[in-house]
Amino acid sequence: MDWAHELTTRVSGPQVVNDSKTPSGTVHVGSLRGPVILDTIVRALRADGIETTLLYGVDDFDPMDAQALLTPDAVERYMGVPLAHVPDQAGDGHASYARHHAQVFIDTFAGLGIHPDRYYWMSEIYPTGAMDGYIRTALDRAAQVREIYRRVANVQHPDAWHPISVICERCGKVGTTIVTDWDGERAFYECRPDLVAWANGCGMSGWVTPFAGRAKLPWNLEWAAQWSLFGVTIEPCGKDLATAGGSRDRADAIAREVFEREPPLKVPYEFVNIGGRKMSTSKGHGAPAHQIVEVVPPEQLRLLFLRPRPNHAIDFDPDGTDAIPRLFDEFDRLAAATAGHEVKGELPAGFESIFSYSLRDAAADVEAEAVAFRPPFAHLALLSQVPGVDVAALVEAEKGSPLDDRERAIFEQRLAAVTGWLEAYAPERARISVAEEGLPPEAAALDDDQRAFLVALLPAADQTAGASNGEGWQEAIFRAAEARGLPAGRAFQALYVAFLGRQNGPRAGWLLASLDRAFVARRLAEAAATIDR
């Protein structure tokens, strides 16, 4: 986490950290990377004694546009209308389409330990007149703005183009209007049918006073205006906005040359990909944030975003993979290393800080959290599917003593996560159903070598102690297979067929450890019964 600490050395005086989101549809889990990075910066600044304010905004005065059109959540008949003026299609009590999607996303923040000091909605800011001065300045300096677009981004606007969009008096659209004149108090606009490909203007035109919520600035100017309005000193942004000549470069130039203030410190961060493709709110590509937080607890989700540096991409595909169990395993490895235990594999630089910043509570006792007993996720997933198992009792047996209050909370949180993962994301091989009523029919296909292996494994049912001894069972499986000259893959296949009626499954040693030893011995004997000894 040296990047966060290094950042604190580059600033002085009180800081205002800001980010915002356009609620163009269901927000995917990748969009949480920004808020988590934001919160980490704030924690680092405050840890160094720097007075810091955290802001989070919703750019809900933006039009429902071409990007929104690509999401399954879009309401096509409102293309071009400000998102804040589009009805909530979900009908669940939110004031608008924007309020629905933004609030569902924002509601995940507290659970992740993210607590902005203030939320703001641009649909509320504009009507107050707070943006009027910036609108007037932008219109007065329209030629300068056009030159910045040309110089910084190679975007050539017509000489008559002025940097605001008026809300049409007739059709209520903002994405279809263009302002072509400004007399110092009024703007002349046209609502053109063919201005954009994704919405049709109504043909209305006329002079309007573009203040108090009657018009909005284009995004680059609005962004720069927000920095002045809120006194922003640090603002992370995604890679797409931070490319050369992109939105951030334009906003920086506008801040300096038009609004005459230094832009905030930039912290660019990479995309979160799914299957190698960028997650996209507008395209509906990626797991919804509000669903993922129901399965992945705060600490593991924060770790997902904080383990790599912000400028490194993350590939996270929870659907039908082991991505979520691996996230738990990595968290547990960092916890063990932070507690001073030896762990397998190379540790990331600054692993103690990564673990600390991954904790939901900024004021948590890091040492106590590191030493807390955490049952392995995959083991819980297995235990939770075995009929008649007292999972809590087995977990306490594995620990060797009763769980304390914090460990009990961790256990219950993980058990809930296991349930959610099995229901929504787990690959088929992770789902098991132990054949309790006799040997599965598929066991008839076992050959003599596999049955001989099961005979060799029988003594282990008496010698392997306790349901927690998955490692012991695993070693016994390898020994028995080696003694019979049977490849390990075929040995595991024999066990899966005998107990699950299929050729694959979870870690076999832990499967056997979770079952009653008498049942295991009986099943091994049944599966081996037809061998010609």
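Owing to the predicted nature of the structure, the values given are computational and were not obtained by experimental measurement.
- Side-chain atoms of Glu299 and Phe355, non-hydrogen and from C-beta on, never get closer than 4.5 Å to each other.
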### Query
Is there a side-chain hydrogen bond (donor to acceptor under 3.5 Å, both in side chains) between Gln103 and Tyr119 once you walk through the steps?
CA-CA 11 Å; Gln103 196 62 58; Tyr119 289 100; over 6 Å; no
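- Gln89 and His101 share a side-chain donor-acceptor pair at under 3.5 Å.
- Taking 4.5 Å as the limit, some side-chain heavy atom of Arg414 sits within range of a side-chain heavy atom of Ile410.
- The only option from Thr53, Thr52, Thr233 that meets the side chain to side chain donor-acceptor pair (under 3.5 Å) definition with Gln15 turns out to be Thr233.
- Inter-residue side-chain proximity for Val17 and Leu45 is flagged as met; some heavy-atom pair is nearer than 4.5 Å.
- Judged by distance alone, with hydrogens and angles left aside, the side-chain atoms of Asp183 form a donor-acceptor pair with the main-chain N or O of Arg186 at under 3.5 Å.
- Under a 3.5 Å cut-off, the side chain of Lys173 and the backbone N or O of Asn200 do form a donor-acceptor pair.
- A donor-acceptor distance shorter than 3.5 angstrom exists from the side chain of Asp117 to the backbone of Leu54, with no hydrogens or angles considered.
- Ionic pairing of Arg43 and Asp39 is present here: one or more N-O contacts between side-chain nitrogen and carboxylate oxygen are shorter than 4.0 angstrom.
- Sparse packing is recorded around NZ of Lys239, with 12 or fewer heavy atoms of other residues, nucleotides or ligands lying under 6.0 Å away.
- Taking each heavy atom of Ala138 and Phe259 in turn, the nearest pair found is N-CE2, 4.5 Å.
- A donor-acceptor pair under 3.5 Å is absent between the side-chain atoms of Asp62 and the main chain of Leu83, judged by distance alone.
- Panel note: side chain His28, backbone Ser31; a donor-acceptor pair is recorded below 3.5 Å.
- Counting only N and O atoms by type, the side chains of Asp140 and Trp182 include a donor and acceptor under 3.5 Å apart.
- Taking the side chain as every heavy atom from C-beta outward, Phe61 and Ile125 never approach each other to under 4.5 Å.
- The closest donor-acceptor contact from the side chain of Asp65 to the backbone of Ala68 lies under 3.5 Å.
- Aromatic pair Phe377/Trp421: ring centres closer than 6.0 Å.
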### Task
Might you work through the salt bridge (Lys or Arg N to Asp or Glu O under 4.0 Å) test for Glu369 and Arg406, ending with a clear yes or no?
CA-CA 9 Å; Glu369 288 292 328; Arg406 175 60 183 143; 2.9 Å; yes
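- For the pair Arg302 (side chain) and Leu112 (backbone), a donor-acceptor distance under 3.5 Å is present.
- Residues His100 and Asp92 have side chains that bring a donor and an acceptor to within less than 3.5 angstrom of each other.
- Annotation: cation-pi geometry satisfied between Arg99 and Trp121 (NZ/CZ under 6.0 angstrom from ring centroid, within 45° of ring axis).
- Sparse packing is recorded around CD of Glu76, with 12 or fewer heavy atoms of other residues, nucleotides or ligands lying under 6.0 Å away.
- Taking the six-membered ring for Trp and the full ring otherwise, the centers of Phe230 and Tyr120 sit less than 6.0 Å from each other.
- In terms of modelled atom types and a separation under 3.5 Å, the side chain of Ser356 and the main chain of Glu352 share no donor-acceptor contact.
- The minimum heavy-atom distance linking Cys202 with Cys171 is given by the pair SG-SG, 3.7 Å.
- Within a 6.0 Å radius of CD in Glu367, other residues, nucleotides and ligands contribute 12 heavy atoms or fewer.
- When side chains are defined from C-beta on, Gln291 does not count as touching Thr26, because their heavy atoms never get closer than 4.5 Å.
- The pair Arg136-Glu185 meets the salt-bridge criterion, with a side-chain N (NZ, NE, NH1 or NH2) lying under 4.0 Å from an Asp/Glu carboxylate O.
- Looking only at atom types and distance, the side chain of Asp60 has a donor-acceptor partner in the side chain of Ser123 under 3.5 Å away.
- Residues Arg256 and Glu262 are paired through a salt bridge, judged by an N-O separation under 4.0 Å between the basic side chain and the carboxylate.
- Judged purely by atom type and a 3.5 angstrom limit, Glu257 has no side-chain atom pairing as donor or acceptor with the backbone of Gln144.
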### Query
How far apart are the C-alpha atoms of Ile324 and Phe316, what are their side-chain angles, what is the distance that settles it, and do they pass the side chain to side chain contact (heavy atoms under 4.5 Å, CB included) test?
CA-CA 9 Å; Ile324 290 176; Phe316 179 66; 4.1 Å; yes
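- No more than 12 heavy-atom neighbours from other residues, nucleotides or ligands sit within 6.0 angstrom of CG on Asn154.
- Cation-pi contact between Arg248 and Trp223: present, with separation from the ring centre below 6.0 Å and deviation from the ring axis of at most 45°.
- Residues Arg33 and Glu270 are in side-chain contact: their nearest non-hydrogen atoms beyond the backbone lie under 4.5 Å apart.
- A donor-acceptor contact under 3.5 angstrom links the side chains of Glu222 and Tyr126, judged on distance only.
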### Task
Apply the test side chain to side chain contact (heavy atoms under 4.5 Å, CB included) to residues Arg429 and Asp322: give CA-CA distance (whole Å), side-chain angles for both, the deciding distance (0.1 Å), then the verdict.
CA-CA 10 Å; Arg429 67 179 180 277; Asp322 292 322; 2.4 Å; yes
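- We find that Arg326 and Glu330 are not joined by a salt bridge, their nearest charged nitrogen and carboxylate oxygen being 4.0 Å or further apart.
- Under the 4.5 Å side-chain criterion, counting only non-hydrogen atoms from C-beta, Arg333 is in contact with Leu347.
- Note on ring orientation: taking the six-membered ring where Trp is involved, the planes of Phe105 and Tyr56 are tilted (angle from 30° to 60°).
- Leu7 places a side-chain heavy atom less than 4.5 Å from the side chain of Ile234.
- Without hydrogens or angle criteria, Arg214 side chain to Val208 main chain gives no donor-acceptor distance under 3.5 Å.
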### Step-by-step salt bridge (Lys or Arg N to Asp or Glu O under 4.0 Å) determination, Asp329 to Lys344
CA-CA 11 Å; Asp329 291 346; Lys344 295 179 181 178; over 6 Å; no
